[in-house]
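Take a look at the structure below.
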Amino acid sequence: MQLALMYGGRSVEHDWSIAMYNHFADVLNNAVDVSISPAFIYYISRSGDLLRLALNRDRLPKHDEFTNRAETYPLTSLAYILKNDSIFVFSLLQGQDGEDGQIQALAQFYDVPGSFGDKTAAMLSADKYLQGLIANRLCHDLTPIPTIHVSQGDLDAGIAEALRYLAGPCVLKPNTLGGSFLTECVDNLSEEGLRSYSERIAAYDASFLVQQRIVGTEYTCGVLINRHEVTVLPVARINNPSGFLGYDQKTQKGSYIVDFRNIENNLQTRIASISTKIAREFRLHTFGRLDFIVDDHQRVYFFEVNVVPGLTAGSIFPMMLAKAGFDLCHVIGLAASNEISHRHREEVRKIETSRIRYGSR
């Protein structure tokens, strides 16, 4: 099986995407399964250039070597190049470009095979407010987090609503950014503080969330999807001494511990059931990771779903895969199999749709 890897992107998660690519290079260069053969690499730079390298059976180079060898194209040529190369693309793009529906819509419109998945699922995953509304409506076992959505375009009304309905410790987070970038915890809300926060994120996001801070333990659950069958990976508990898992904690080595042991069976079952339902309804493609927090009363609160979770050597999702007896090569093969099945269904749908004839008006 030949494939291409795509990474980079114009997002705050650009460096993590590079780290994911470098890890995939190590994995695939040393893979026992020689049936997976990388043929192309595509990289979107921070400034929006497209870099492409044909491998010709070479080993996957690390990022720095790749940028020295690759050819540069305008990003506007991406659709043409992908269509012309005509090869399955495994996407390591995160955030903007990768998880917001743009690359998914492009792949769907130009019929590019890959792990991109459904554009609606990606658009939802990029909007924390909307996905929270839908997840809480879908799963009655979830307890909604009191949340106010503040738009930069209607800042006065949003701030007034937040001050009216929320009090005490709260979490402020950009609505569409990943990696807990610019997420903050505040002891008390104030108009001045909210306006200051709005100014700090204005260059990155058009809106932000003000959420009541939930004191509890964070859990995360990975899923694999084989056509319509959802397999839940081992649920992980995040042991975090600070009690708040923001950007600094996520990027600082040793600030938290991922633990799979001694998780109550009933809680695992509840989280697995919720994750399965959300994964199905959001139409996740092949894999994903869902994040929750559980308080002392065993109430489960939904944080978010990640359609392209972290896939570096130290990321949680590969740990889950290993616990379940899988690896990244398995995920690549599963993504390709799902794409074949999806494309077959689409061909049938197009044929049936073409048979519809509209009467004259």
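Hydrogens, waters and symmetry mates play no part in the numbers below; they use all other heavy atoms, side chains included.
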Checklist entry - Ignoring hydrogens and geometry, is there a side-chain-to-backbone donor-acceptor pair from N338 to I225 under 3.5 Å? => result yes
Checklist entry - Are S198 and Q152 close enough that a side-chain donor and a side-chain acceptor fall under 3.5 Å? => result yes
Checklist entry - Is there a donor-acceptor pair closer than 3.5 Å between any side-chain N or O of T147 and the backbone N or O of I145? => result yes
Item to check | Ring geometry between F90 and F88 (parallel below 30°, tilted from 30 to 60°, perpendicular above 60°) | outcome: tilted
Item to check | Spacing of NE2 belonging to H23 relative to CG belonging to L28, to within rounding of 0.5 Å | outcome: 9.5 Å
Next on the checklist: Less than 4.5 Å apart, side chain to side chain, heavy atoms only: is that true for E13 and E99?
Outcome noted: yes
Checklist entry - So which of L92, L82, L50 actually passes side chain to side chain contact (heavy atoms under 4.5 Å, CB included) with M6? => result L82
Item to check | L75 vs D49, side-chain contact (heavy atoms from CB on, under 4.5 Å): CA-CA, chis, key distance, verdict | outcome: CA-CA 5 Å; L75 191 56; D49 290 324; over 6 Å; no
Checklist entry - Would you say the side-chain atoms of Q94 pair up with the backbone N or O of V308, donor to acceptor, closer than 3.5 Å? => result yes
Checklist entry - Can you tell me how far the CD atom of E281 sits from the SG atom of C139, to the nearest 0.5 Å? => result 8.5 Å
Checklist entry - Are the side chain of K119 and the backbone N or O of Q108 linked by a donor-acceptor pair below 3.5 Å? => result no
Item to check | Polar side-chain atom of S17 near backbone of H14 as donor-acceptor pair, under 3.5 Å | outcome: no
Checklist entry - Judged by atom type as modelled, is there a donor-acceptor pair below 3.5 Å linking the side chain of D295 to the main-chain atoms of H297? => result yes
Next on the checklist: Before you tell me yes or no, could you show the steps for T276 and R280 under side-chain hydrogen bond (donor to acceptor under 3.5 Å, both in side chains), namely the whole-Å CA-CA distance, both residues' side-chain angles and the distance that decides it to 0.1 Å?
Outcome noted: CA-CA 6 Å; T276 298; R280 282 183 176 146; 5.9 Å; no
Next on the checklist: L78 vs I103, test: side-chain contact (heavy atoms from CB on, under 4.5 Å). Steps then yes/no.
Outcome noted: CA-CA 10 Å; L78 177 61; I103 191 68; 3.9 Å; yes
Checklist entry - Does N29 use its side chain to pair, donor to acceptor, with the backbone of L60 at less than 3.5 Å? => result yes
Item to check | S315 side-chain N/O to P318 backbone N/O, donor-acceptor pair under 3.5 Å | outcome: no
Item to check | Lys/Arg-Asp/Glu bridge criterion (N-O < 4.0 Å) met for D15, R46 | outcome: yes
Checklist entry - Sequence neighbours excluded, which residues qualify as side chain to side chain donor-acceptor pair (under 3.5 Å) partners of N136? => result none
Item to check | Working for salt bridge (charged side-chain N to carboxylate O under 4.0 Å, His left out), residues D205 and R200 | outcome: CA-CA 10 Å; D205 209 316; R200 289 198 296 279; over 6 Å; no
Checklist entry - Between the main-chain N or O of S91 and the side-chain N or O of Y42, is there a donor-acceptor pair closer than 3.5 Å? => result no
Item to check | Cationic N near anionic O, under 4.0 Å, D141 to K277 | outcome: no
Checklist outcome for this item: For residues 122-138, the salt bridge (Lys or Arg N to Asp or Glu O under 4.0 Å) pairs (sequence neighbours left out) are none
Checklist entry - Does N226 use its side chain to pair, donor to acceptor, with the backbone of L334 at less than 3.5 Å? => result no
Checklist entry - What is the ring orientation for Y7 with Y43, classed by angle as parallel under 30°, tilted 30 to 60°, or perpendicular over 60°? => result tilted
